[in-house]
Amino acid sequence: MSYFQASPKYPKFVVILLLSFTMDFGFTEASTICNTNKQPTPLISFLEKLQQTGHTTYGDSKAFDPKYFMDVSLKFNLVKTIEAFDKLPKLNNGSVSVHDFERFSNNFLNKPGSDLVYHEPEDFVPEPVGFLPNVENAEVRAWALEVHSLWKNLSRRVADGVVENPELHTLLPLPKPVIIPGSRFLEIYYWDSYWVIRGLLVSKMYKTAKSIVHNLISLIDEYGYVLNGARAYYSNRSQPPLLSSMVLEIYKKTHDLALVKQSLPALLKEHQFWNSGIHKVIIQDGDKGSNYTLSRYFAMWNKPRPESSTIDKETASKLLNVSEKQHLYRELASTAESGWDFSTRWMRNHTDLTTLSTTSIVPVDLNAYILKMELDIVFLAKTVGDKCIAEQFLKASEARGDAMNSVFWNDKKGQWLDYWLTHSNKCEEVHRWDARKQNQNTYASNFIPVWIELFNSDKVIVKKLKRSLQESGLLCDAGIATSLINSGQQWDFPNGWAPVQHMIVEGFARSGLKDARSMAEDIAVKWLKTNYAAYKKTGTMHEKYDVESCGAVGGGGEYIPQTGFGWTNGVALAFLEEFGWPQNRSIDC
């Protein structure tokens, strides 16, 4: 076919991607390598050793954060640093005295965050023209402007030293300024960035939003996919793929064709990543005689996550052999790839984290994101006049939509349900459909496909989803709970998270059904009220909230609750743009 020839319009690697397109649309199957594991760099290996020593030195407490030790940078080359470290006098348990450890740290290490410098966003103004015109209440408007001003607090650029001496840093040398989530998260994160961008667009900060996209594209250019975050130790996995959604939202506001043209090759490469090798799953429905191609999370890693190495080793300590531990380490990293780290959603035994089985689950939300990616690519390709790519991805989206309805949809519950595979890490294995393998537990992720126009434009489906959500037990006084199971994990009850609220609310709000939009607005109002109450109480926006009580901050998980906070700020502004706030509506709980 002539449109597969390399040209200025189609760079060589794009042609290769098209030729190896992995969906079942008559294209050649890509040759794939399964269970490929990344290897830690010498710097990461040393910092893990430093982390372990810090753990034995300071002890196990909530104040000890293993990520801290992975985010330091070196003042001297690695050889000199290791020599000095190895000379520290050590006790039998591997610890050193606090005095010696801190003296070494001061002499040889820079603190986390020192390789970032503050960046004044060029497109920030205290009150943008046309900012939230439908927010009539003065108190709410004043708060919205405070949230808007937080973009300045979270704006950074990579220090010149990272570019000049990348071997001394785990921070990656991104080319453009960044918006960080906040607190311990001192680097850009993949799926966080979508809601950061939604907020930046409300704030009319289009240049800053585009910079984030350029940074993510640079990661695809370098690695073939967007990393979990912009650290060398995150190269073993990605995160929920929302780059196409970012590009689409920016285009809708700016009509920047150059950005679309630059993004398309990267989006094709990312689509290939999620639809080949270890991520690709085939479900066969014998009754229908159909094979459905879907995707799963699967990290390229079977070791402790470097940023949580001491925690992962402790989690795996009760397992008996090396292969069991390696399997658990892969599951831990794969769950981090999902963004839902951690939740009973991925566990065979809800009280035992070692039963994580994320690679044996075909997730509803991941496939919804990839379906949206395919539909976004159709739109973006048409925008730049690329009919061939548009036609291919229209077929891809139709096949995935059919697969989602066939494999995930449960008409009795009125939800899409995650699908469990048998214990298998084989590549390209065909799994036979079995209705009993749908996960019958209720999670907020079961409703995320409503975010996509293909589903929220189906009035019959929306009515069933609305009734199902209202009867699910997930709707609480302060928003949507992530699950119904109070496990102590942060992606379970009673926590609610900004991105989950946003996708479900936006889907129902844009369905065209008046009562569905009314329910969506009610959820958004509750969420905004809890954000505001916690903000007035603590002076900060939070990573997650306890949706049982208005103004309560979320908890659980392997680190202390964080503030800042990029995606929470973005969703608050997006909700205020979508629904406004009448003069006579109180913001108080």
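Note that the coordinates shown come from a computational prediction; the quantities given were computed from them, not determined experimentally. Positions are given from 1 along the sequence.
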| request: Please determine if Arg237 and Glu307 form a salt bridge, counting it only when a charged side-chain N lies under 4.0 Å from a carboxylate O. | output: yes

| request: Compute the centroid of each ring, for Trp497 and then for Trp340, and state whether the two points are separated by less than 6.0 Å. | output: no

| field | Residues which pass salt bridge (charged side-chain N to carboxylate O under 4.0 Å, His left out) with Lys38, listed by chain and number, not counting sequence neighbours | value | none

| For Tyr189, which residues count as a side-chain hydrogen bond (donor to acceptor under 3.5 Å, both in side chains) partner, sequence neighbours excluded? | Glu187, Tyr234

| Listed once per pair and sorted, the salt bridge (Lys or Arg N to Asp or Glu O under 4.0 Å) pairs that draw on residues 255-264, sequence neighbours left out | Lys210-Asp256

| request: Decide, yes or no, whether a salt bridge links Arg198 with Glu578 under the criterion of side-chain N to carboxylate O below 4.0 Å. | output: no

| message | Run the side-chain hydrogen bond (donor to acceptor under 3.5 Å, both in side chains) test against Ser203 and tell me which residues pass, sequence neighbours left out. | response | His148, Trp151

| query | Quick one: side-chain contact (heavy atoms from CB on, under 4.5 Å) partners of Glu453, sequence neighbours excluded? | reply | Asn456, Ser457

| query | For Asp522, what residues pass the salt bridge (charged side-chain N to carboxylate O under 4.0 Å, His left out) criterion, not counting sequence neighbours? | reply | Lys526

| task | State plainly whether the residues Glu577 and Lys253 are in salt-bridge range, i.e. N to O under 4.0 Å. | result | yes

| Below 6.0 angstrom between ring centroids: does that apply to Tyr443 and Trp491? | no

| message | Tell me if the aromatic rings of Tyr419 and Tyr292 count as close, with their centers under 6.0 Å from one another. | response | no

| query | Does NZ in Lys207 sit with more than 12 non-hydrogen atoms of other residues, nucleotides or ligands closer than 6.0 Å? | reply | no

| message | Is it the case that the side chain of Asp418 and the backbone of Val364 share a donor-acceptor pair, with hydrogens and angles ignored and the cut-off at 3.5 Å? | response | yes

| query | Should Lys387 and Glu391 count as an ion pair when the cut-off is N to O under 4.0 Å? | reply | no

| request: Test side chain to side chain donor-acceptor pair (under 3.5 Å) on Arg345 and Asn439 and set out the steps. | output: CA-CA 8 Å; Arg345 180 183 173 198; Asn439 186 348; over 6 Å; no

| field | Side-chain H-bond candidate by donor/acceptor type, Glu331 with Ser357, under 3.5 Å | value | no

| task | Count the heavy atoms of every other residue, nucleotide or ligand shown that sit under 6.0 Å from NZ of Lys176, and state whether that count exceeds 12. | result | no

| field | Side chain proximity check, Val202 to Phe131, heavy atoms < 4.5 angstrom | value | yes

| message | Under a 3.5 Å threshold, yes or no: a donor from one side chain and an acceptor from the other, between Asp411 and Trp409? | response | yes

| note | Rounding to 0.5 Å, atoms CG (Leu268) and CG (Leu264) come to a distance of 6.0 Å

| query | Looking at the rings of Trp416 and Phe455, which for Trp means the six-membered one, are their centres under 6.0 Å apart? | reply | yes

| query | Looking at the rings of Tyr194 and Trp451, which for Trp means the six-membered one, are their centres under 6.0 Å apart? | reply | yes

| request: Check each of Leu150, Asp192, Ile180, Val196 against Phe565 using the side chain to side chain contact (heavy atoms under 4.5 Å, CB included) test, and report the only one that passes. | output: Asp192

| query | Does Lys252 come within less than 4.0 Å of Glu249, counting only side-chain N to carboxylate O? | reply | yes

